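First, the structure itself, so that you have it in front of you.
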Amino acid sequence: MIEFKNVSKTYPNGTVALRNVNLSIADGEFVFIVGHSGAGKTTLTKLLMREECITSGSLRVNNYRLEKIRRSKVPYLRREMGVVFQDFRLFDNMTVYENVAFAMRVIGESNRAINKRVPYLLNLVNLADKCDRFPHELSGGEQQRVAFARALVNNPKIIIADEPTGNVDPQMSLEIIDLLIRINKLDKTVIVVTHEKSLVDYFKKRVVCIGDGCIVSDKIGGMYDAH
Amino acid sequence: MIEFKNVSKTYPNGTVALRNVNLSIADGEFVFIVGHSGAGKTTLTKLLMREECITSGSLRVNNYRLEKIRRSKVPYLRREMGVVFQDFRLFDNMTVYENVAFAMRVIGESNRAINKRVPYLLNLVNLADKCDRFPHELSGGEQQRVAFARALVNNPKIIIADEPTGNVDPQMSLEIIDLLIRINKLDKTVIVVTHEKSLVDYFKKRVVCIGDGCIVSDKIGGMYDAH
Amino acid sequence: MRISNIFYFIKQGFLGIIRNAVMSSASILILASSMLVLGTFWTVIANINSYMDSLDELNVILLYIAPETDEARTEQIGDEIRAMDNVTNVTFLSKEEAWELELQKYDETQRAIFEQFVKLNPLPDTYKIEFAEIEKSTPLLFQLSSIEGIDLDLKEQGKNPKSVIDIANKVESFKNGISMICVWLLIILLVVSFFVIMNTIRLTVFSRKQEIIIMRYVGATSSFIVAPFVVEGIIIGVLSSAIAYGLQYYLYTYVMPDMLGNFASTGLLPFSEFSRILAIAFLTVGLFAGIVASSMSMRKYLKA
Amino acid sequence: MRISNIFYFIKQGFLGIIRNAVMSSASILILASSMLVLGTFWTVIANINSYMDSLDELNVILLYIAPETDEARTEQIGDEIRAMDNVTNVTFLSKEEAWELELQKYDETQRAIFEQFVKLNPLPDTYKIEFAEIEKSTPLLFQLSSIEGIDLDLKEQGKNPKSVIDIANKVESFKNGISMICVWLLIILLVVSFFVIMNTIRLTVFSRKQEIIIMRYVGATSSFIVAPFVVEGIIIGVLSSAIAYGLQYYLYTYVMPDMLGNFASTGLLPFSEFSRILAIAFLTVGLFAGIVASSMSMRKYLKA
Ligand SMILES: Nc1ncnc2c1ncn2[C@@H]1O[C@H](COP(=O)(O)OP(=O)(O)OP(=O)(O)O)[C@@H](O)[C@H]1O
Ligand SMILES: Nc1ncnc2c1ncn2[C@@H]1O[C@H](COP(=O)(O)OP(=O)(O)OP(=O)(O)O)[C@@H](O)[C@H]1O
Ligand SMILES: [Mg+2]
Ligand SMILES: [Mg+2]
């Protein structure tokens, strides 16, 4: 359950990235977020994981009210969601395997559970043979897939993917979104920020379009440039 | 004039990223390079700018023979080309304006020339109003466009763009490729690495497809998955 | 906190050191250097102090009894002296004992030459007076001069204790000055070292702030983030102390004696005198720096 | 190299400092601390040395002429002494002059008391003998004892120069030891400081290696990349020296006298004695560290 009520976000330098956003996403929904470059899509995801604080309005994620969450609670909020960052944010000094394992380690999983689940996910994103590499030894698409595996590893209730297909080939893109749709069927909320018109058009899911910080359209089974 | 002759590249960890690549690109050509994730596309561009050395074979770029270029000559080789990196590689501690200006500064341009040309390019990529921002204050697509402006600023003979549209919306993608085509008409060589099927299909240029380190197809007016 | 986590933290700490080799080794070397300077200082001060103690025989005046003084009066003089302020010990030396004591100051050959010139025992009965505070020696000297029955022919007697005291006074004030300087230099060094160490570790943490911030983004609690850094801090601290200790031992045992040349021939204190205190001090500095400094300098990145 | 480039480098150097505020200020502070320690050391050593020089009056023996010796013989004795090895200066003091000299050692009140006990001038004619090397004082002493016509009643005379020399010997060896220790500590400190500084600057450069590598990728030549760092190095060097100098002045003028208490009352050297040498030394260290260290530690990133 995600609920934006009149949310605005102004960055310290004065940029208004979001203004008066009202948006509610039910548990188990699948939502594409589209919009031109600089529209505020990434900002929206940053607010959800409280990387940035909202400037006004109120924002609820599951049972957390983000306008007044205590700092010590933030890690637990973040554990409810798996995020694929637009800039990947991998640990440069950990191998692929460790990058993924770390997310499990953080929530206190046992070594046994980690050793079982991490290889499974690396397999899923086709990186099993590269598990001992460091991020700088990977291609762009491979790094993105590591980020993807890390986001999924803890089986979070909400999955947020910021351009998860920006650096992979069309075939892989389809597979990744397909995977997300399968995950969505397990009653997880999935939010995908993307520019790939073809994907959005193809899957006919709910599409929220942001333009200059405002929601300009919100349609189920929408098309990329339906507005 | 770019000429790969039997070029192979093996990374120190043993990964063979390219094997026996033969490819020649004439001055003024426009080439799309496509291929699955991890195929070796970025490696190819890294060899061109000698970020990595070739393991065997011979590689010529204009008048430089890259298998035996002296280290002190490398900067001059790099000035012959403008590169948009897949991971942007902006200076974190310089503003947008300075990031672009720096590339001119490096080749010894005067302040006057810099003050004239940089705003022109920032305008071209629609970032004139954000010229005083630092990279971390930009959206992903905006950062990519800064990298794009920096690659073009010195009016290089060869332009290499690794996923220049990976983080921008379809409209902006079209515009960027359009711009590259216009630049190509001024007799510049343009090499674009991309995953965007629709773009490749639309522009009907030469398409080189790499698969697992080998060139698997090379067709003029090709389509993304023509092989 | 689970057992598996603890093992993980330890492993992570070691990995952190290895993977950030440049930063870690710089920190270790800077830490060890600082300790080494402190340690060298410490040993030098200890040696100076011990040497100074050997100068203590300056606090002695020899008082000669006039030949015509009888035994009763001589004893009475002893009591008078004992009653004086600042006097700690008074010993009576017969003519013979005094001469013996005097001769003992010379080595064999010197003594032979000396005795050749001085055929007869030229010394009278003597009181050897030890006193506590050199600062108050001048009043004592005049009090002594006023005693009746001592060799009143003060021309040399007066000269003798006076000049000794003169020098003793100088040495004493010099000794105090040196100790004071040493202690203060040690304090300054300590402060500066801590400062350098804190800054070094701050740099180390700073160079990894990206890592710390990403940890927060994947839902790590603060304590989870800090733990491996603390382990790293402990490792760095222990390694630096070990290096510093080893170098200190080498320096003190093999290098210092050569450096000091002449002075050292009077004998440096054995290293074992310092081994325990240095080990404890180095470990304390190392662990404090490693743990406290690293967790303190992380704090600001934990806010993200 | 164009003029516009030079301005650009200078501007870039300043911007670099401001934008990497954490690293720059850490470097500056560490540099300044190291200099401060060196400076403090330097001033302390200089003071100790100057103080030691005031102990030099130990190199003096007073030789009393026997009352029965006539003037001709007295003069002859003077010549004999002058001819001796190690003797640098011989002054004849008449009974009266010797007494005057003796009395001068006491202050007004002491003198009054002293004169009360010693009614007559008790001193004979005297030779004041200054000599160079305290190490060779014992042979000299015995040579002197063998002269005919001196107050052969050696009982006190012998005692007197001997004991002075005894102490003087000690003080001299102590003085040499201290100087030696100081010089070596200074050298160790210098080495350690350079080491710390190099490492700090290496860390600074390391934290910006990404920036350096990207510069290479956009076609910058090595000298173009190094120039702004050199400017930064110069700025860091100059700032640290200025800070160190200011602190040193404050420390020396206001803090040290309090710290040293008693010892300082004998008078510290004025700060102006050091001002020039310290300024030069600090600037040298600062510039060397800033320029050489930063360009050296960059070298390896210039290979990309
Ligand atoms: N840290 C920041 N400080 C200031 N302004 C920022 C910051 N981050 C983003 N912005 C600005 O806020 C606006 C929205 O940014 P956001 O990253 O949300 O865009 P986006 O929709 O994700 O774009 P893209 O598709 O290019 O990634 C942009 O104009 C951007 O310049
Ligand atoms: N520095 C490196 N060290 C070792 N292996 C590397 C390194 N860089 C790339 N590789 C490997 O070389 C292969 C080719 O990588 P490259 O980056 O050229 O792929 P790419 O075609 O650009 O893929 P993408 O579309 O995902 O960016 C990949 O398997 C990658 O894992
Ligand atoms: Mg974005
Ligand atoms: Mg690539």
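Every chain is numbered from 1 and lettered A, B, ... according to where its sequence line falls, protein lines coming before strand lines. The structure displayed is predicted, hence computed values, not measured ones.
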*Side chains of Gln86(A) and Asn167(B): is there a donor and an acceptor less than 3.5 Å apart?*
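A pair is found: one side chain offers a donor N or O, the other an acceptor, under 3.5 Å apart.
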*Option in Pro12(B), Gly166(B), Gly35(B) with maximal non-hydrogen atom pairs under 4.5 Å from chain A*: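 Answer, by heavy-atom pair count under 4.5 Å with chain A: Gly166(B).
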_Contact winner vs chain A - Pro170(B), Ser173(B), Gly141(B), heavy-atom pairs under 4.5 Å_ =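 Option with the top pair count is Pro170(B).
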*Decide yes or no for Arg133(B) and Thr15(A): does some side-chain heavy atom of the first lie under 4.5 Å from some side-chain heavy atom of the second?*
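The answer is yes; the side chains approach within 4.5 Å.
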_For the OH atom on Tyr202(B), are there more than 12 heavy atoms of other groups (residues, nucleotides or ligands in this structure) within a distance under 6.0 Å?_
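No, OH of Tyr202(B) has 12 or fewer neighbouring heavy atoms, counting only those of other groups under 6.0 Å.
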*Any side-chain heavy atom of Ser198(B) sitting closer than 4.5 Å to one from Ser198(A)?*
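Ser198(B) does not reach Ser198(A) side chain to side chain.
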*Would Ser37(A) and Glu142(B) count as a side-chain contact (heavy atoms from CB on, under 4.5 Å) if you check the C-alpha gap in whole Å, the side-chain angles of each, and the deciding distance to 0.1 Å?*
CA-CA 7 Å; Ser37(A) 174; Glu142(B) 286 160 352; 4.2 Å; yes
*Could you check which of Gln171(B), Arg145(B), Met172(B) has the highest count of heavy-atom pairs closer than 4.5 Å to chain A?*
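Looking at each option in turn, the highest pair count goes to Arg145(B).
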_Are the side chains of Asp169(B) and Lys197(A) in contact, using a 4.5 Å heavy-atom criterion?_
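Lys197(A) vs Asp169(B): side chains apart.
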*If you count the non-hydrogen atoms of other residues, nucleotides and ligands that lie under 6.0 Å from OH in Tyr120(B), is the total more than 12?*
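No.
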